[in-house]
Structure formats: structure tokens, C-alpha cells
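Below, all heavy atoms of this structure are taken into account, side chains as well, without hydrogens, waters or symmetry copies.
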Amino acid sequence: MARKGYLTASFTLPDGKRKYVYAKTQEELDEKVFQLKMQLHMGVDLSDQTTVGELIQLWYTAEVAPNIKSNTATNIKCVLNKHLLPLCSEYTAKEVTPVMVKLWLNETGKLNKNAAKTCLRALKGAFQLAEENGVVLKSPVLARYKPGGFDYKEREALEPDAEVALLDAVEGTRAYLFVWFALATGVRRGEACGLRWDCVDLENATVHICRNLVFLDHTKTELRDTTKTPAGDRVIPLPLDLRDALREEKSHSESLFVFHDTKGAPFCAGSFKQFWKLVSDRYGPEAKQTARIHGTKTDDNVTPHVLRHTYATRCFEAGMDIKEVQYLMGHADPSVTLKIYTHYCKKSREAATFSKARTARQRTTAVPQTASTGTEN
């Protein structure tokens with residue numbers, strides 16, 4: 001069992017198996033043997049080969065999934081599968097050191113803040129379980145470790161002329177009706193992708209939002225008969241010209257879904273990415289200029305959420321109050337609606353405020369006379 005260039009020591013575990021230890025120097029070897037014997041004395045199973053991936057799965061199943069809403073649990077699982085587990089899942093819990101954890105956190109710290117917090121929380125929870133169950137003596141996730149991550153850039157609503165330019169740019173593509181629908185209803189991406197014709201009332205020009213399509217990974221989806229929040233179940237009025245366009249679409253559609261991939265099936269993450277490329281190729285910072293595509297270059301980075309934000313802004317501009325917009329947007333928390341409203345007010349009133357400030361302080365403005373408080377002698 002000797003390794004070339006290493007000193008070796010061994011001792012017998014309670015189950016009769018031999019435990020081998022390797023080090024470059026005698027001092028390092030003695031320290032490793034001492035630490036392992038201390039762990040053995042304190043009840044740690046040195047033969048345990050539980051991996052970090054197994055610990056995280058155990059933490060998720062036992063501590064997370066039963067205590068939160070299914071949508072939130074799915075989002076957490078997607079973050080872990082995509083960003084954390086590829087870094088650490090194959091390591092055994094015993095071989096993980098604080099330095100390794102810090103390197104993993106440095107990688108996940110490149111994500112947005114919510115995702116980075118989720119990864120740190122998973123590591124803390126997984127190794128707490130390992131410590132409590134004698135898999136490791138002490139968690140390598142140190143208390144001083146903090147999540148990194150960046151804040152989402154605040155979504156900017158499209159100006160009315162940009163809305164027109166966007167629709168002109170995508171007209172004639174499969175994305176046209178989706179973009180128009182999102183601008184006219186403010187629905188979330190999952191709500192639009194999960195919309196079936198049985199929830200479109202063409203007679204009364206309304207749409208009932210009651211389902212949500214969740215992207216589990218690049219190819220897998222789950223259609224849920226519930227919305228993201230209870231407040232998401234709502235009926236939204238349709239502009240009559242959009243109602244007519246939907247009626248025309250339904251007359252030749254063979255899919256149960258209003259918006260779908262080229263085969264009539266629900267979108268998955270991969271097919272929706274290709275679908276949305278029809279938009280980004282024709283409008284935005286990545287717009288193309290080719291023989292087939294005449295894109296419109298602009299700083300507007302359009303996403304489905306930008307279309308939703310634009311809808312809310314147009315509602316406020318039309319004079320709707322916060323409760324009306326909260327209902328139409330399906331916000332469970334009115335503070336989310338209020339944040340959009342505050343941003344709208346700040347932007348819409350800024351020019352008027354600047355003009356008033358300039359007028360009030362220009363040198364040609366008459367200086368108000370102060371009333372005399374006494375009589376001069």
C-alpha cells in the first residue's frame with residue numbers, strides 16, 4: 001500500500017479493516033494519525049464513503065422539500081444541479097477541507113445573489129447533517145464564509161416607441177404572437193408557455209391564467225395546474241385586435257398549447273432558448289444584419305420579464321391604481337407592485353422635477369422679500 005515518496009502509517013478500524021495514512025514528512029504523518037484517532041474516539045466512522053452529492057441530496061430531501069412550496073423547491077434543485085453539484089458531488093465528505101469549500105464558493109459567487117446564497121446554504125446544511133451523524137468530526141464550511149453573487153440589474157420597461165419597433169422587428173416570425181401577447185397581458189414566461197386553448201375565452205376576450213410550465217432542466221418540463229403563487233390565478237382582459245389574432249392562430253393550430261415548439265409540444269428550456277433567438281436576432285444588442293435578417297440594433301436587452309415589466313408600466317400610465325395592477329400582474333406581495341410603481345413615478349416625474357428646480361434657482365428669479373421683524377432706529 002506504500003506510495004512512492006510518501007511515508008505511510010496504518011491502524012485497524014473497529015470493523016477490522018486497515019486504515020492507511022500518507023504524508024510527505026514524519027511530523028505531518030504523526031499529525032494525520034493523531035487527528036484520525038481522535039475522530040475515531042469521538043464516534044466518527046472513518047470507513048464511511050458518503051459523498052458530498054449524497055449529503056446535499058439528503059439535506060434537500062429531509063430538510064428543504066417538505067417545508068417549502070413545490071415551485072421554490074424545484075428552483076432550489078435546479079440551482080444545485082446546475083451550479084453546485086458539478087463542482088463537489090464526487091468528493092467524499094471526509095476529504096473536503098475548508099479551502100476546497102472556499103474554492104467552490106468562489107465559483108458559485110459568480111452567480112446572482114440568490115443562487116449564491118442557495119449554494120452556501122446547501123453546503124452548510126449538508127455538512128451539518130454529516131457532523132450530527134458522525135460522518136465528519138467538524139464541518140469544513142466555516143462560519144465566516146459568506147455568499148458572493150451580484151444583484152440583478154433593475155429591469156427597464158420599454159418605451160412606447162420601442163414596443164412598436166420590437167413588434168415590427170419580429171413580425172412574420174413565430175415569436176411575434178408571443179411577444180404581442182406578453183406585452184398585452186404581462187404574464188410570466190411559465191404562464192404563457194403553460195397556457196392552453198381551454199383557458200382562452202375568445203367570446204369574452206379574456207384569458208384565465210391557472211397553469212405554470214416549469215423548466216426542470218434543458219429538456220425536461222413540468223406543467224402544473226397551479227400558478228407561481230395563489231395570487232397568480234387570475235383572469236386578464238385581451239385587447240380585441242389580439243383576440244382576433246389568437247382566433248386566427250387557433251383556427252390552424254393542432255396543439256393544445258397556445259405557444260409551443262415547432263412540433264406542437266410544450267417548450268422546454270432548450271427549445272424556448274431557440275425560440276427566443278428569433279427575438280434577440282432581430283431586436284436588441286445582438287441583433288443581426290444578414291441577407292435574411294435585418295435586425296434593429298438597440299440597447300434594449302429584451303427578455304420575457306422586460307415585457308412583463310413594460311405591461312405594468314403601461315397600466316400605471318393608463319391611471320390604474322396599485323391594487324388593480326397587483327391583481328393583473330398576479331403579485332402575492334403588494335410591495336413588488338409598489339416597487340415597479342415607485343420606479344415608474346421616479347422616471348416619469350424626473351424631467352418635471354428638474355425643470356422646477358432650475359426655474360426656482362436661476363439668477364433671474366426674483367428673491368422673495370423677508371418681512372421685517374423690527375424697526376430700525
Side-chain angles (χ1 to χ4, degrees), residues 13-15 17 19-22 31-152 214-220 222 228 269:
L13 299 176
D15 61 2
K17 294 180 180 179
K19 177 69 177 178
Y20 292 88
V21 188
Y22 306 95
E31 177 63 21
K32 283 187 173 182
V33 171
F34 173 76
Q35 291 293 336
L36 288 172
K37 287 185 176 180
M38 283 295 295
Q39 292 183 42
L40 188 62
H41 177 71
M42 298 181 72
V44 176
D45 183 0
L46 297 183
S47 64
D48 190 291
Q49 295 297 303
T50 301
T51 65
V52 178
E54 290 168 341
L55 283 175
I56 291 175
Q57 180 60 49
L58 178 61
W59 166 79
Y60 173 84
T61 303
E63 304 286 344
V64 179
N67 301 313
I68 57 177
K69 294 178 180 178
S70 60
N71 285 348
T72 305
T74 299
N75 290 338
I76 289 174
K77 190 172 184 179
C78 287
V79 168
L80 298 179
N81 286 339
K82 185 175 181 180
H83 301 295
L84 180 60
L85 290 175
L87 299 173
C88 63
S89 63
E90 298 303 317
Y91 292 94
T92 63
K94 286 186 173 55
E95 65 183 313
V96 177
T97 64
V99 171
M100 294 168 68
V101 173
K102 189 66 175 71
L103 291 173
W104 299 337
L105 294 177
N106 288 345
E107 286 299 310
T108 59
K110 299 172 185 176
L111 310 173
N112 68 72
K113 281 190 175 179
N114 286 338
K117 285 180 181 178
T118 295
C119 292
L120 176 56
R121 181 186 168 205
L123 287 170
K124 281 185 175 179
F127 277 101
Q128 183 179 344
L129 282 176
E131 187 177 326
E132 291 170 350
N133 291 278
V135 177
V136 298
L137 180 62
K138 186 178 179 180
S139 171
V141 187
L142 305 185
R144 70 171 185 268
Y145 288 167
K146 304 297 181 185
F150 60 87
D151 288 316
Y152 276 119
V214 179
F215 295 163
L216 299 177
D217 58 27
H218 193 68
T219 59
K220 295 179 182 178
E222 181 180 323
K228 184 178 179 181

Inset, instruction - Taking all heavy atoms of Leu111 and all of Ala116, pick out the closest pair and write down the distance. - result: CB-N, 4.4 Å
Inset, instruction - Return the set of residues passing side-chain contact (heavy atoms from CB on, under 4.5 Å) with Lys124 (not counting sequence neighbours), or none when no residue passes. - result: Leu120, Val141
Legend entry - Results of side-chain contact (heavy atoms from CB on, under 4.5 Å) for Thr97 - residues two or more places apart only: Val99, Met100
Inset, instruction - Hey, could you give me the CG/NZ distance between Asn112 and Lys117, rounded to the nearest 0.5 Å? - result: 10.0 Å
Legend entry - Contact list for residues 110-147, test ring pair (Phe, Tyr, Trp, His ring centres under 6.0 Å), sequence neighbours left out: none
Inset, instruction - Using a 4.5 Å cut-off on heavy atoms from C-beta on, say whether the side chain of Leu142 contacts that of Val101. - result: no
Inset, instruction - Sequence neighbours left out, what passes side-chain contact (heavy atoms from CB on, under 4.5 Å) with Thr74? Give chain and number order. - result: Cys78, Val214, Leu216, Arg224
Legend entry - Minimum heavy-atom distance Gln49-Glu54, with the two atoms named: O-OE1, 4.3 Å
Legend entry - Pairs meeting criterion ring pair (Phe, Tyr, Trp, His ring centres under 6.0 Å) with involvement of residues 91-119, two or more places apart: Tyr91-Trp104
Legend entry - Sequence neighbours excluded - salt bridge (charged side-chain N to carboxylate O under 4.0 Å, His left out) pairs with any residue from residues 97-112: Glu107-Lys110
Legend entry - Side-chain heavy atoms of Leu87 within contact of Thr108, under 4.5 Å: yes
Legend entry - pair Lys94-Val135: side-chain heavy atoms closer than 4.5 Å: yes
Legend entry - Gap separating the CZ atom of Phe150 from the CG atom of Asn114, nearest 0.5 angstrom: 10.0 Å
Legend entry - Residue pairs involving residues 78-88 (criterion side chain to side chain donor-acceptor pair (under 3.5 Å); sequence neighbours excluded): none
Inset, instruction - Just jot down the side-chain hydrogen bond (donor to acceptor under 3.5 Å, both in side chains) partners of Glu132, sequence neighbours excluded, or say none. - result: Gln128
Inset, instruction - Tell me, please, which residues at least two apart from Thr118 pass side-chain contact (heavy atoms from CB on, under 4.5 Å). - result: Ile76, Val79, Leu80
Inset, instruction - Compare all side-chain heavy atoms of Cys88 with those of Ile56 and state whether any distance is below 4.5 angstrom. - result: yes
Inset, instruction - Work out which heavy atom in Leu84 is nearest to a heavy atom in Ala122; give both atom names and the distance. - result: CD2-CB, 4.0 Å
Legend entry - Residue pairs involving residues 58-67 (criterion side chain to side chain donor-acceptor pair (under 3.5 Å); sequence neighbours excluded): Gln57-Thr61
